[in-house]
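What follows is a short report on a single structure.
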Amino acid sequence: MRYYLNSNLDFVKFTCSSIMALNMESLAEATSGAIGSLLSTTILYPLDTCKTKYQAELRAHGLAKYRNTLDVLLEAISSRQVPSLYQGLGTKNVQSFVSSFIYFYGYDFFKKLYLKKSGFKSIGTRANLIIAVVAGAFTVIITQPLDTTASRMQTSEFGKSKGFWKTLSEGTWSEAFDGLGISIILTSNPAIQYTAFDQFKQRMLKGKMKSNRGVESRPESLSAFSAFVLGAVSKCFATCITYPLIRCKVMIQAAESEGDADDEAELKSRKTISGSLHAIWKKEGLMGFFKGLQPQILKTVLSSALLLMIKEKISKTTWVLLLAVRRYLFLTKTRLKSS
């Protein structure tokens, strides 16, 4: 009986050790990226709410409720609804954590798979971009209902936001995927950012070798300041290029405003990419496509820079913890085998 139990325990330990040996780096990347996204989202959420409500408003010049993002903040303060700046935070955090985990795991997994199959020692810019887009599109398809629900909760009137399940269940299942097409197109945004960041990171860390060659080493990491700067620069460039689509996505997913006098047919037409583009052109002109660009850059640059900075520091710790667990499993397996 004892031999039977030890044999089964040995098999379990060996299986866990094998799985971790194959996927430890990808798991460390995914976990650190998800935690970084969670923290950055929480820290900057009030700014994100103000920015999103400002972007979602579509009215002719002179009739706009908000002149800038600051007006949204002042409205929350004057109406004593400051806590409403955090409406939808829980849903947004779940969406950010899940999407970042899936993205970073998929990105790291496919990158290592490409290097293994191709035999190359490093990955080129073109291949890196393709892998990033594929990982991003896969992530969007899975997490789109969370993203849509969070946007509707954010753009609701202050103090009138509904819970996650009520907001999600109010519409049809297809409405939960509002903006899916444009979200897939916008995977080019993080793809450009993370590709640029990864390429810059490889150049900065090139030539660095661990002094303890005889010992299994952990991956090199950037300093917090370097990761922050690289994240900010890469995200700023990607945001400027894709901003018109970013605003269209906000409009498509936004909750309907009580003060919107447009007819139902026009409101419905805004739920498409072409309809939202036409509505912006009709009411706000060319500059309407870039309404809210400044707070968008501020929010996304700070968010991405914080995410990548936290990820770089956590990744190092995560690697050590996973390595310690793997060694524990290996030593336990060896001890059981010798007994």
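A donor-acceptor contact under 3.5 angstrom links the side chains of S183 and Q144, judged on distance only. A donor and an acceptor atom, one from each side chain of S99 and T143, are nowhere located under 3.5 Å apart.
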Could you go through the side chain to side chain contact (heavy atoms under 4.5 Å, CB included) check for F101 and V98 one step at a time? CA-CA 5 Å; F101 184 91; V98 173; 5.9 Å; no
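Checked for salt-bridge contact, E75 and K53 miss the test: no charged N lies under 4.0 Å from a carboxylate O. Using a 4.0 Å cut-off between charged side-chain N and carboxylate O, R152 and E175 make no salt bridge.
A distance-only check finds no donor-acceptor pair linking the side chain of Q55 to the backbone of R247 [under 3.5 Å]. Side chain of T149 to main chain of F164: no donor-acceptor pair is present (N/O by atom type, distance under 3.5 Å, no hydrogens or angles). Counting only distance, with no hydrogens or angles, the side chain of Y54 and the backbone of L70 share no donor-acceptor pair below 3.5 Å. With hydrogens and angles disregarded, no donor-acceptor distance shorter than 3.5 Å links the side chain of Y86 to the backbone of T42. Checked by atom type and distance alone, the side chain of Q154 never pairs as donor or acceptor with a backbone atom of T52 at under 3.5 Å. Between the side chain of T41 and the backbone N or O of L38, no donor-acceptor pair lies under 3.5 Å.
By the 6.0 Å contact criterion, CZ on F177 is enclosed, its count of non-hydrogen atoms from other residues, nucleotides or ligands being greater than 12.
The heavy-atom pair separating T148 from A176 by the smallest distance is OG1-O, 3.1 Å. Smallest separation of non-hydrogen atoms from A56 and M251: O-CG, 4.4 Å.
Of the candidates V140, L180, I273, T242, I185 forms a side chain to side chain contact (heavy atoms under 4.5 Å, CB included) with just one, namely I273.
Put simply, the side chain of E57 reaches to within 4.5 Å of the side chain of K291, judged on heavy atoms. N189 has its side chain within reach of I246: a pair of non-hydrogen atoms, C-beta onward, lies under 4.5 Å apart. Using a 4.5 Å cut-off on side-chain heavy atoms (C-beta onward), V133 and I130 make no contact.
Remark: D147 CG to Q253 CD distance equals 4.5 Å, nearest 0.5 Å. Taking OH of Y107 as the start and CD1 of I131 as the end, the distance is 7.0 Å to the nearest 0.5 Å. Note: F138 CZ to Y103 OH = 13.5 Å, rounded to the nearest 0.5 Å.
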